[in-house]
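Let me begin by presenting the structure, written as structure tokens, before commenting on it.
By convention in this document, chain letters (A, B, ...) are assigned in the order of the sequence lines, proteins followed by strands, and residues within each chain are numbered from 1.
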Protein chains: 2
Amino acid sequence: MARAVDEGLLAAARLFAGVGRAELHRIAEMARFVSRPAGGEFFAQGDPAAAFFLLIEGRTRIVQITPDGQQVTLRYIAPGEVFGAVPLFAGGPWPATALAVVDSTAARWSREATDRLTAQHPIILSNALAIVGERVREIEDRYRELATERVEQRVAHALLHLANVTEKSPAGAAIDFPISRQDIAELTGTTLHTVSRILSAWEQQGVIESRRMHVRILRPEGVRAIAAEARPEGRSRL
Amino acid sequence: MARAVDEGLLAAARLFAGVGRAELHRIAEMARFVSRPAGGEFFAQGDPAAAFFLLIEGRTRIVQITPDGQQVTLRYIAPGEVFGAVPLFAGGPWPATALAVVDSTAARWSREATDRLTAQHPIILSNALAIVGERVREIEDRYRELATERVEQRVAHALLHLANVTEKSPAGAAIDFPISRQDIAELTGTTLHTVSRILSAWEQQGVIESRRMHVRILRPEGVRAIAAEARPEGRSRL
DNA sequence: TCCTGTCATTGACCTGGAGCAAAGACCTCC
DNA sequence: GGAGGTCTTTGCTCCAGGTCAATGACAGGA
């Protein structure tokens, strides 16, 4: 069990950009460690927001649960990313639940620690603003996708994002954590059945490779083409 | 033509909460006025973000335009609300366009003015963080709606929001600016045809009253009932 | 008053993808 | 190895809502 935060990770985190090495050490000491097994939760929708987290290891997803039990995944968190900060700053209860996808460990700063942090290092406040601003942009993009694109395109976008496929990417990229059809459906606003059909089709075309709880992109440019696809006729048929 | 910002409005704006009266005066002087006729734009998607705005008068909407020309409305801005701030803090170009719905006037602070502002009044930074945080929450809620609710419910939610219907509301509430079926469609991720059919039905049931470019809610509780309406059965596991 | 442009309504049709159901394919633990 | 649980695949059906098309209702300008 880790006793001290890896300061390298802290230094790499955008939130702490501009903070000195020595200060970083003190900041690290203000954090508490929290570990959750796969499926466990760091915080639950409805509980009062009383801390923010920095994921150290593992993978976590932020999920909203509707009154009738449907789950909507807002985002996946990778190590080095901050989560839970928005509700802390905006006030009110957690609007969503943070679920560990695999065994995960996070550093946790309480509200009091956060207050001291921002008071002593105003730079953190502007960093946070930039980070949250970027989050707004991302979610707005996802909103636009959901409003205008067809399921197939949204799934393509999601896979590219989850597999960290960028402009300059290698030939193949795998999603490096277990993910089910259901998970992808909750992330793209569709059903596991539709996701299954889509992935089957793509696998037959050879653009991806997929086993249970696992997806690997074989031809990123193929997936990217589907994601960008405007509305060419007659290519449906899954 | 207004020469000086109404300081009352500034004082009321959350962004400046906690700033002294005298300081407020100085802040007001740092602003430039911008007026746009109905249909005009304050900034355009793709241009570099170089300022943030506070709407003084009128009504403005933030719209994203997709590569194939579809428009998606992200939000409507009422007087007293800040817009354009997120891209300014997050960096990069405007991710959307700000269109005046009716003749509108805004106060505009340049990037330089903003830098001075936040340097002199760190409180503004935390206010901004809270505001942006709330924006995240709103857009996430809209995202969840789009992913899980049917068109009719989304339109109901949109009308309630645009007409400022709250828990404790009067019997009837009108949307106090001109709005077309197309506008509502762009806000709810559907088509003007579907909106037209829905509004016609509601009008026949007497829950709303609607003329060209105009919608009035007659029975808020009726609209709210539609907004809350659970999906036809579908008891999920869990 | 008519003309023209914008907005709204409605009917008819079609389809993407949700819902349902049943049958594999794996995985883990006795 | 077998049993039971969890994923996945796939065929079939169905319908909400998108698309197409035509008509109607206003409004402002000349």
Is there a side-chain contact between [X] and the phosphate of [N], meaning an N or O under 4.0 Å from OP1 or OP2?
X: B:T194; N: D:dG17; result: no
X: B:S180; N: C:dC7; result: no
X: B:S196; N: C:dT9; result: yes

Please determine if [X] and [Y] form a salt bridge, counting it only when a charged side-chain N lies under 4.0 Å from a carboxylate O.
X: A:E138; Y: A:R75; answer: no
X: A:E209; Y: A:R216; answer: yes
X: A:R14; Y: A:E134; answer: yes

_Within the 6.0 Å centroid threshold, strictly below: B:Y143 and A:Y143_ =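 No, too far apart.
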*Using a 4.0 Å cut-off on protein heavy atoms (strictly under), produce a 5'-to-3' string for nucleotides 24-29 of chain D with B for base contact, S for backbone-only sugar-phosphate contact, and - for none.*
-BB---
*Looking only at N and O atoms, is any donor in the side chain of A:H193 or the base of D:dT10 less than 3.5 Å from an acceptor on the other one?*
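Yes, the side chain and the base share a sub-3.5 Å donor-acceptor pair.
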What integer distance in Å separates [X]:[atom1] from [N]:[atom2]?
X: A:I198; N: D:dT10; atom1: CD1; atom2: C1'; answer: 14 Å
X: B:W202; N: C:dA8; atom1: CH2; atom2: P; answer: 15 Å
X: A:Q70; N: C:dA18; atom1: CD; atom2: P; answer: 11 Å
X: B:R211; N: C:dT6; atom1: CZ; atom2: C1'; answer: 17 Å
X: A:R150; N: D:dA16; atom1: CZ; atom2: C1'; answer: 17 Å
X: B:R154; N: D:dA16; atom1: CZ; atom2: C1'; answer: 11 Å
X: B:M213; N: C:dG5; atom1: CE; atom2: P; answer: 18 Å
X: A:I184; N: D:dT9; atom1: CD1; atom2: C1'; answer: 14 Å

*Name all residues meeting the salt bridge (charged side-chain N to carboxylate O under 4.0 Å, His left out) criterion together with A:R144; count only those two or more places apart in sequence or in a different chain, and write none if there are none.*
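Here the qualifying residues are A:D141.
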Do the side-chain N and O atoms of [X] and [Y] include a donor-acceptor pair separated by under 3.5 angstrom?
X: B:T191; Y: B:R197; result: no
X: B:D68; Y: B:Q70; result: yes
X: A:T105; Y: A:S35; result: yes

*Nearest-nucleotide pick for A:R181, side chain only, options being D:dT8, C:dA8, D:dA16*: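 Selected nucleotide: D:dT8.
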*If we fit an axis to the first five pairs and another to the last five of the helix from C:dT1-D:dA30 to C:dC30-D:dG1, what angle do they make, to the nearest 10°?*
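Both end axes considered, the difference amounts to 30°.
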*Atom CD of A:Q45 and atom CD1 of A:I62: how far apart are they, to the nearest 0.5 Å?*
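The CD atom of A:Q45 sits 11.0 Å away from the CD1 atom of A:I62.
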If you look at every strand shown and take non-hydrogen atoms under 4.0 Å, does [X] touch a base, only sugar-phosphate, or nothing?
X: A:T190; value: sugar-phosphate
X: B:R197; value: base
X: B:S200; value: sugar-phosphate

*Looking only at heavy atoms, what is the nearest atom pair of B:P220 and B:V165, with distance?*
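In terms of heavy atoms, the two residues are closest at CB-CG1, 4.0 Å.
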